[in-house]
Colleague: 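The structure under discussion is supplied below as structure tokens; questions concerning it will follow.
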Amino acid sequence: MSPASTGASATVDAAAPVPAPEIPSADSRMAPGGPGYRRMSLALFLAGVATFALLYSTQALLPLISGDFGVTASDASWTVAAATGGLALFVLPMSALSERFGRRTVMTASLAVAVTVGLLVPFAPSLGALVVLRALQGAALAGLPASAQAYLAEEVRPRALVTAIGLFVAGNSVGGMSGRVITGWVAQEWGWRVAVGVVGVIAVVCAVAFRLLLPAPRHFSAGSLRPRVLARTVRDHLADPLLRRLYAIGALFMTVFGGVYTVIGYRLTEAPFSLPQGIIGSVFLVYLVGTVSASTAGRLVGRVGRRGALYLAGATTAAGLLVSLLDSVVPVLLGLVLITAGFFAGHAVASSAVSRTAVHGRAQASALYQSAYYVGSSAGSTAGAVAFHAQGWAGTVGVGLLAVLGVVTITLLGSRAARVAARRQPVPA
């Protein structure tokens with residue numbers, strides 16, 4: 001992808017302190033229909049399921065957690081914000097470990113620790129203890145997202161990369177959906193503690209299957225753990241204007257998503273809806289829309305380009321926020337469908353663009369994206385809950401619309417940068 005077509009800095013290659021590992025042949029990397037591709041896709045799909053199921057296992061249960069511990073919505077929301085915040089804080093160090101010890105090794109270790117903590121979460125004696133366990137769980141999961149994207153960037157052919165990452169993101173959506181739906185119905189009968197325990201057991205099964213299915217990497221080249229090398233790589237990525245824009249876009253999309261899905265359970269338990277916990281959990285079946293939109297993001301980019309896809313994702317998300325303001329179940333569900341479709345499409349497009357743009361230190365490039373992404377989730381969860389407490393659902397929608405406006409503004413700046421770069425290209429003699 002050329003600087004003119006992406007808006008990326010033309011000096012990134014020259015500034016790279018560590019060359020990208022040399023690939024023996026483009027044909028040796030995986031592609032749809034080729035050897036190992038289906039196993040790889042299923043393995044990372046299951047890893048995505050486990051990651052999102054664990055990471056957001058308490059989100060649909062916040063009203064019950066509030067009632068159990070006698071705390072407000074904003075206090076209970078820390079069980080979500082702590083997990084995403086722990087992931088955001090540790091994703092960069094864990095990506096450095098994956099550069100040294102390998103993507104598959106770090107992903108396996110991360111899932112192992114996360115599912116172990118997940119089995120302890122149901123026994124938390126207080127809200128404080130629950131928040132601490134959730135923070136540890138998020139920190140453990142930090143080894144997975146950036147390492148998965150780096151693995152795909154190294155092992156999958158470039159033309160198939162958006163689709164491959166879209167399938168991983170689709171696994172995220174299925175994990176988020178199944179975790180919330182299952183916990184909703186289980187909690188209605190046996191309480192939130194049994195519900196998060198069930199999610200932990202499901203994650204154990206996914207983690208074991210992931211390790212058995214994922215093909216061994218063929219194009220990984222071990223890097224250095226020296227802090228100076230890591231700092232230089234991070235500095236190079238942050239100096240790239242395209243990568244900075246993509247990081248901000250990921251954070252803003254996740255601000256919308258985190259705020260909406262942290263608060264929606266409280267809204268639906270109140271009048272005029274007054275829905276039971278099982279039905280509220282079933283609302284998260286709309287995540288299936290995200291599975292479709294993420295897995296088809298590659299075709300969307302092929303038709304309208306990366307920036308066009310981001311505009312469409314932002315417009316879809318904004319439309320969903322506005323529709324959800326109506327006090328009726330049908331428009332609220334339609335709004336959630338549009339928000340979910342727009343978010344997952346935008347996330348798949350932005351995250352795959354990061355993987356294609358980075359020419360060295362791919363794990364660090366992806367880690368910076370994931371860090372920004374989950375900072376957005378933590379900020380959205382907290383800001384959405386505070387806004388809901390102060391202004392009701394309209395306050396949460398206001399936070400989301402501001403974030404979407406940020407996405408559109410940044411994408412417009414990217415389009416302008418691309419036009420300027422194109423004009424600067426020398427005219428062939």
Side-chain angles (χ1 to χ4, degrees), residues 6-7 77 81 84 88 169 238 241-264 267 286 289-290 293-294 297 300-301 304-326 331-332 334-354 368-420:
T6 63
S77 71
T84 54
V169 174
L238 292 177
L242 173 58
L243 287 176
R244 288 201 304 269
R245 289 193 293 271
L246 293 171
Y247 297 154
I249 286 170
L252 289 168
F253 266 125
M254 195 54 166
T255 297
V256 181
F257 199 69
V260 165
Y261 277 101
T262 294
V263 170
I264 191 64
R267 187 188 185 200
V286 299
V289 176
S293 67
L300 181 62
V301 171
V304 300
R306 176 174 52 78
R307 285 183 293 274
L310 290 173
Y311 287 132
L312 286 174
T316 302
T317 304
L321 287 166
L322 293 173
V323 170
S324 72
L325 286 169
L326 299 175
V332 168
L334 176 59
L336 290 177
V337 166
L338 293 173
I339 292 166
T340 303
F343 162 73
F344 277 105
H347 171 41
V349 171
S351 60
S352 61
V354 169
L368 287 169
Y369 175 84
Q370 296 292 334
S371 182
Y373 176 79
Y374 286 109
V375 164
S377 177
S378 294
S381 297
T382 303
V386 170
F388 181 77
H389 183 72
Q391 300 291 331
W393 182 250
T396 302
V397 168
V399 171
L401 289 174
L402 285 174
V404 172
L405 179 61
V407 169
V408 173
T409 301
I410 292 168
T411 306
L412 284 170
L413 291 174
S415 298
R416 180 178 179 276
R419 288 194 298 269
V420 171

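Quantities reported herein were computed from a predicted structural model and do not represent experimental measurements. All values below were derived from every heavy atom in this structure, side-chain atoms included, with hydrogens, water molecules and symmetry-related copies excluded.
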Colleague: Between Tyr373 and Thr255, does any side-chain donor sit less than 3.5 Å from a side-chain acceptor?
Modeller: no

Colleague: For Val354 and Leu243: C-alpha separation, side-chain torsions, deciding distance, then whether side chain to side chain contact (heavy atoms under 4.5 Å, CB included) applies.
Modeller: CA-CA 6 Å; Val354 169; Leu243 287 176; 4.1 Å; yes

Colleague: Do the non-hydrogen side-chain atoms of Thr317 and Leu338 ever get within less than 4.5 Å of each other?
Modeller: no

Colleague: For a quick test of reading the model, state the closest non-hydrogen atom pair linking Gly400 to Val256 and the distance between them.
Modeller: O-CG2, 3.4 Å

Colleague: Write down the atom of Ser381, the atom of Thr262, and the distance for their closest heavy-atom approach.
Modeller: OG-OG1, 3.1 Å

Colleague: Using the six-membered ring wherever Trp is involved, compare the ring planes of Tyr247 and Tyr369 and label them parallel, tilted or perpendicular (cut-offs 30° and 60°).
Modeller: tilted

Colleague: Kindly give the heavy-atom pair with the smallest separation between Ile264 and Trp393, and that separation in Å.
Modeller: CD1-CH2, 3.9 Å

Colleague: Might you point out which heavy atoms bring Ser293 and Ala341 nearest each other, and give the distance in Å?
Modeller: OG-O, 3.1 Å

Colleague: Let me see the working for Leu242 and Arg306 under side chain to side chain contact (heavy atoms under 4.5 Å, CB included), right down to the final yes or no.
Modeller: CA-CA 12 Å; Leu242 173 58; Arg306 176 174 52 78; 3.7 Å; yes

Colleague: Is a side-chain donor or acceptor of Arg307 paired with a backbone partner of Thr411 at a separation under 3.5 angstrom?
Modeller: no

Colleague: Can Leu401 and Leu322 be said to form a side chain to side chain contact (heavy atoms under 4.5 Å, CB included), step by step?
Modeller: CA-CA 9 Å; Leu401 289 174; Leu322 293 173; 3.8 Å; yes

Colleague: Using atom types as modelled and distance alone, determine if a side-chain donor or acceptor of Ser77 lies under 3.5 Å from a backbone N or O of Thr382.
Modeller: no

Colleague: So which heavy atom on Ala394 is nearest to which on Leu325, and how close?
Modeller: CA-CD2, 3.9 Å

Colleague: In the structure I gave you, are the side-chain heavy atoms of Phe344 and Val289 within less than 4.5 Å of one another anywhere?
Modeller: no

Colleague: Are any non-hydrogen side-chain atoms of Val332 and Leu326 less than 4.5 angstrom apart?
Modeller: no

Colleague: Keeping the roles fixed (side chain from Ser324, backbone from Leu321), state whether a donor-acceptor pair exists under 3.5 Å.
Modeller: yes

Colleague: Just verifying a value: how many Å separate Ile249 CD1 and Leu252 CG, rounded to the nearest 0.5 Å?
Modeller: 8.0 Å

Colleague: For Ala353 and Leu246, work out which heavy atoms get closest and say how close.
Modeller: CB-CD1, 3.6 Å

Colleague: About how many Å separate OG1 of Thr409 and CG of Leu405, when rounded to the nearest 0.5 Å?
Modeller: 4.5 Å

Colleague: Could you give the distance from OG (Ser415) to CD1 (Ile410), rounded to the nearest 0.5 Å?
Modeller: 12.0 Å

Colleague: Just by distance, do the side chain of Thr84 and the backbone of Ala81 share a donor-acceptor pair under 3.5 Å?
Modeller: yes

Colleague: Yes or no on side chain to side chain contact (heavy atoms under 4.5 Å, CB included) for Phe343 and Thr316, after CA distance, side-chain angles and deciding distance?
Modeller: CA-CA 8 Å; Phe343 162 73; Thr316 302; over 6 Å; no

Colleague: So, the side chain of Thr396 versus the backbone of Val260: is there a donor-acceptor pair under 3.5 Å, distance only?
Modeller: no

Colleague: Anything under 30° is parallel, anything over 60° is perpendicular, the rest tilted; go ahead and classify Tyr261 against Phe257.
Modeller: tilted

